[in-house]
Protein chains: 2
Amino acid sequence: MTKAGSDIPDIADQLATLRSSSLTSVVEKEIERLILSGALPPGERLNEFQLAARFGTSRGPLREAMRSLHAKGYVEVVRNKGVFVRKIPIEEALEIYDLRSALFGLAGRLLADRLTDEMLIRLKEYLDLMDEIAAAGDFERYYPTNLEFHAYLVESAGNRTLVKEYRSFVHRLHLCRQRTLVQAKGLYVSNHEHREMIDALASGNENRAHEAFFRHVQRAKQRFLSTFDETAKAQATKAD
Amino acid sequence: MTKAGSDIPDIADQLATLRSSSLTSVVEKEIERLILSGALPPGERLNEFQLAARFGTSRGPLREAMRSLHAKGYVEVVRNKGVFVRKIPIEEALEIYDLRSALFGLAGRLLADRLTDEMLIRLKEYLDLMDEIAAAGDFERYYPTNLEFHAYLVESAGNRTLVKEYRSFVHRLHLCRQRTLVQAKGLYVSNHEHREMIDALASGNENRAHEAFFRHVQRAKQRFLSTFDETAKAQATKAD
DNA sequence: GCGGTTTCGACTGTCGACGATTATCTAGGG
DNA sequence: CCCTAGATAATCGTCGACAGTCGAAACCGC
């Protein structure tokens, strides 16, 4: 039983990762996971000695992993003080939303030229599924499905570099504290925008697809901004 | 004499850089410079011992710099073999051109909302200057001026993250071998496109500005592709 | 002479240790 | 009582060394 099925690929994958560049890579991915999952919250200090002990390695590979994470924009390095999980201020989050919009818009533009019948069918299945989930008010299921839908769109655009960069932006957006609030807000609204996007794709009009995709993220940015303003107001009220 | 004047800022600057995060950062920037300048051509292997000796440090900081350069997409790491300056294949270069288009388009869109009279004046000065240089057939001056013009546009969009990412893409594009050919081709043509871009900005129409900016890079992509095809043909002929 | 094998060299991966810097705690003076 | 200065501890920056791995040249058998 243990030989067949789902746990084999995991082992093979881990081994491949270990072979490809070993400790540093493994450590880096693990820390990245911890950061994105929220186990290492923004502002948290990453103690080299402590983490090295945790992973059972020396500080060398750890420092290399830190450097990589720094270059990717996940952590901040302060000389003689240590590295910290980046706190992304609201202004930068808005900047990233704009960049994400541009990249997502590009995905739409590229997709309009590549859309196959099978893809269209699958996309419409996603739409129906999300309508269903939204109608049931199942937040827990909507969010990952929504994420999967967007990932499928970007990955189908046929531009690998785009996929990497887009992911990078989405991940960085997770380092903003308001994240949890954003998720719960305006999900019902978004599926209507999704239909507009798919319609635009189906029309084969690059510019129309671009605009639909671009505006979708721009609206997400607005929702993000409004929840931020609300919490700011709430905190102001609370402070009274 | 040695105390006064131009060499003092250099020392101060070096010291500041050394204080901020020291060896690793210095080494990283130097290697990045060597790569972008072409002193370390794509495919070149980066020997840790050699480079460490060259910079007068041990291998530790060097390896960290390598990791950072890897995360930034400048080098490729092969376990137990070493790191190599990335060879960007033509397909990936085209992908990056699309991303650059999207980001530059965003810059145009943002600029259309922020354009001041002073900026417009400065931009028109750039246009006239480049017309002049182009008329004189001075390639050597046109290229850096053109680069400066584009940098000014992106930096004026008011999005710091955009500036970083845009630069990253431009730099990566330098790792494609065809670079030198691209530079010399179609420079006269481009200033006409520049005027279109500035006109679009002046109109204050976001979408129009976006399209003008986006298409400008798309045309550069086409020029790049055509020079590549030509050299491919030339090589095919040569092979006969 | 040629293919396979073995040995050798170079280089990377990893580690532990030393020196330097910063933060913290405590003691003394105002 | 507060503030400042010194000492101590924690932690980062850097280095040199050892072990594992890959490639290449030399060697041997056919």
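Letters A, B, ... mirror the listed sequences (proteins, then strands); counts begin at 1.
Among all heavy-atom pairs drawn from B/L123 and B/F149, the shortest one is CD2-CE1, 3.7 Å.
We find that CZ of A/F84 is positioned 13 Å from P of C/dT22, with the value rounded to whole Å. The distance between atom CG of B/L23 and atom P of C/dG19, rounded to the nearest whole Å, is 18 Å. Whole-Å rounding puts the B/L62 CG to D/dG16 C1' distance at 15 Å. D/dC15 atom C1' lies 12 Å from atom CZ of A/R63, rounded to whole Å. Between the P atom of C/dT14 and the CZ atom of A/F55 lies a distance of 14 Å, rounded to the nearest Å. As a whole-Å value, the separation of B/E64 CD from C/dT14 C1' is 14 Å.
Annotation: cation-pi pair B/R219/B/F214 absent, no NZ/CZ under 6.0 Å from the ring centroid and within 45° of its normal. Geometrically, B/R59 engages B/F49 in a cation-pi contact defined by less than 6.0 Å to the ring centre and at most 45° from the axis. Under a cutoff of 6.0 Å and an axis angle of 45°, A/R86 and A/Y74 do not form a cation-pi pair.
Between the A/R45 side chain and the A/K81 main chain, a donor and an acceptor come within less than 3.5 Å of each other.
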Output one line per pair: protein atom, nucleotide atom from nucleotides 9-11 of chain D, and distance, for all N/O pairs under 3.5 Å.
unit_1, atom_1, unit_2, atom_2, d
D/dT11, OP1, A/N47, ND2, 3.3
D/dT11, O3', A/R45, NH2, 3.1

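Where the helix from C/dG1-D/dC30 to C/dG30-D/dC1 starts and where it ends, the local axes point in directions that differ by 0°; five pairs per end, rounded to 10°.
B/R59 contributes a side-chain N or O that forms a donor-acceptor pair with the base of C/dG13 under 3.5 Å.
Note: A/H210 and B/H210 have parallel aromatic rings, judged against thresholds of 30 and 60 degrees for the angle between ring planes.
Between B/F104 and B/H150, the gap from one ring centroid to the other is short of 6.0 Å.
Between B/S156 and B/L111, some side-chain heavy-atom pair lies under the 4.5 Å cut-off.
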